[in-house]
There are 2 protein chains.
Amino acid sequence: MAEPSRRERKAVERRLAILRTAAGVFRDRGYDSASMDEIAERLDMAKGNLYYYFSNKHELLFFCQDASLDALISGVDSIAALEEEPDEKLRRAVVAHVVCVLDELEGASAHTEVHSLPEDLRGRIIAKRDVYEARVRALVESGIASGALAPVDAKLATLALLGALNAPTRWYRPGGKLSPEAIGEEFASLFLDGLRHARPSIPSTRSTR
Amino acid sequence: MAEPSRRERKAVERRLAILRTAAGVFRDRGYDSASMDEIAERLDMAKGNLYYYFSNKHELLFFCQDASLDALISGVDSIAALEEEPDEKLRRAVVAHVVCVLDELEGASAHTEVHSLPEDLRGRIIAKRDVYEARVRALVESGIASGALAPVDAKLATLALLGALNAPTRWYRPGGKLSPEAIGEEFASLFLDGLRHARPSIPSTRSTR
């Protein structure tokens, strides 16, 4: 494959910068209320110029979700390839997910708003979301198979996990008390170790930490 | 307070039946695509009659969310009043939440779609959601105080928990393999006991079950 030219790389960077800003506007104003005018204004860009990159709000939302899922999938793939125990891989995947949805795309809660997309675009995002979900589930399954994780229902555990991991996009605001990494670490610990505290008086068949 | 008359009780029941059907239509079609026509049709009710109970789709969505939050709050209040250990209360609260959102209002994923509401109605739902969140958080805090739960960040743990508990409204379909109760029990066990399996070879300071 030929290396992308400098101009092509610039165009990709510009598109990503626009998506990041659009995601921020969607977060602050809600997708329905956000307008192309407002996004152009926040970018300090002529509206015509914005339309050169993205022809409408649906397209912006689609590419926000698409870029976010690409980043999530490539993150979980790198983690799966590491020489680590499955529970450690899962811990890293949880942190990577939270950092990705909160940090890299400015809290792109966008990525869960599939219902706002027209049907053809929605189908493509759902298909990619299913790919990501399958990768995370594979991590959980290999952890169960190796004995590092408890023999839970892997599908349900994955859905519970992803539900929890996407939730911070609803309440996280940049500059808050906790960084995306700190939230990710706390979530990883919650999911891996559970809420129930040590009970030394009761014989235990499962232990954590 | 005077007992409600038979006619008043009938009207309340009728309203709840309408909300349940509307929630089902919102779930199947998405809130944006659902129409009052379709809701009236599924109720086998004249559209004018539907408008007698609810004057528009926003009002239907508002009362779906409002009724769902009332049920959640009254559920967690009953559980908090029980003579049980805090971890057992939390287990019951998790199951009650999942059953409520999946069963009682036909999977009213509606309850998380606050952004579709006009601002004044949205504020009222968010205020009630904050009340519910505070009750669940109080359960977590009292569990930490009693030593039944690990010393986690109660606010973050509550938000993670509620994020996970609302997620099934996105994928649950009535008549699937798992009942709402079974999903609730699995979620409770995941959150209380964690995903990490027993590691008898490593000295443990926290144990579960």
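Only a predicted model underlies this, so the values are computations on that prediction, with no experimental measurement involved.
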Self-check item: A:L165 portion near chain B, given a 4.5 angstrom heavy-atom threshold
Solution: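 Contact with chain B: none, neither part.
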
Quiz item: Where on A:L162 is there a heavy atom nearer than 4.5 Å to chain B: the side chain, the backbone, both, or neither?
Solution: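 For A:L162, no heavy atom lies under 4.5 Å from chain B.
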
Quiz item: When you look at NZ of B:K155, are more than 12 heavy atoms from neighbouring residues, nucleotides or ligands closer to it than 6.0 Å?
Solution: no

Quiz item: B:F191 versus chain A, heavy atoms under 4.5 Å apart: side chain, backbone, both or neither?
Solution: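 The answer is both parts of B:F191.
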
Quiz item: Where does B:L178 contact chain A at under 4.5 Å (heavy atoms): side chain, backbone, both or neither?
Solution: side chain

Quiz prompt | Test of ring centre spacing under 6.0 Å for B:H97 and B:Y132 | solution =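 Ring-ring flag for B:H97/B:Y132: true, centres closer than 6.0 Å.
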
Practice problem: Considering only heavy atoms and a distance below 4.5 Å, find which of A:L149, A:L90, A:I144 pairs most often with chain B. | Solution: A:L149

Exercise. Among the options B:A167, B:A160, B:S33, pick out the one with the most heavy-atom pairs lying under 4.5 Å from chain A.
Key: B:A160

Self-check item: Among B:L159, B:I183, B:D153, residue most engaged with chain A (heavy-atom pairs, under 4.5 Å)
Solution: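 Of B:L159, B:I183, B:D153, B:L159 has the most heavy-atom pairs under 4.5 Å with chain A.
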
Quiz item: Is there a donor-acceptor contact under 3.5 Å from the side chain of B:T158 to the main chain of B:A154?
Solution: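 Between the backbone of B:A154 and the side chain of B:T158 there is a qualifying donor-acceptor contact (under 3.5 Å).
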
Quiz prompt | Side-chain heavy-atom pair A:L195, B:D87 within 4.5 angstrom cut-off | solution =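 They are not in contact (no side-chain heavy atoms under 4.5 Å apart), so the answer is no.
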
Quiz prompt | Side chain proximity check, A:F62 to A:R122, heavy atoms < 4.5 angstrom | solution = no

Quiz item: A:D66 and A:K128: salt bridge (charged side-chain N to carboxylate O under 4.0 Å, His left out), yes or no, with the steps?
Solution: CA-CA 8 Å; A:D66 194 61; A:K128 203 171 256 194; 2.9 Å; yes

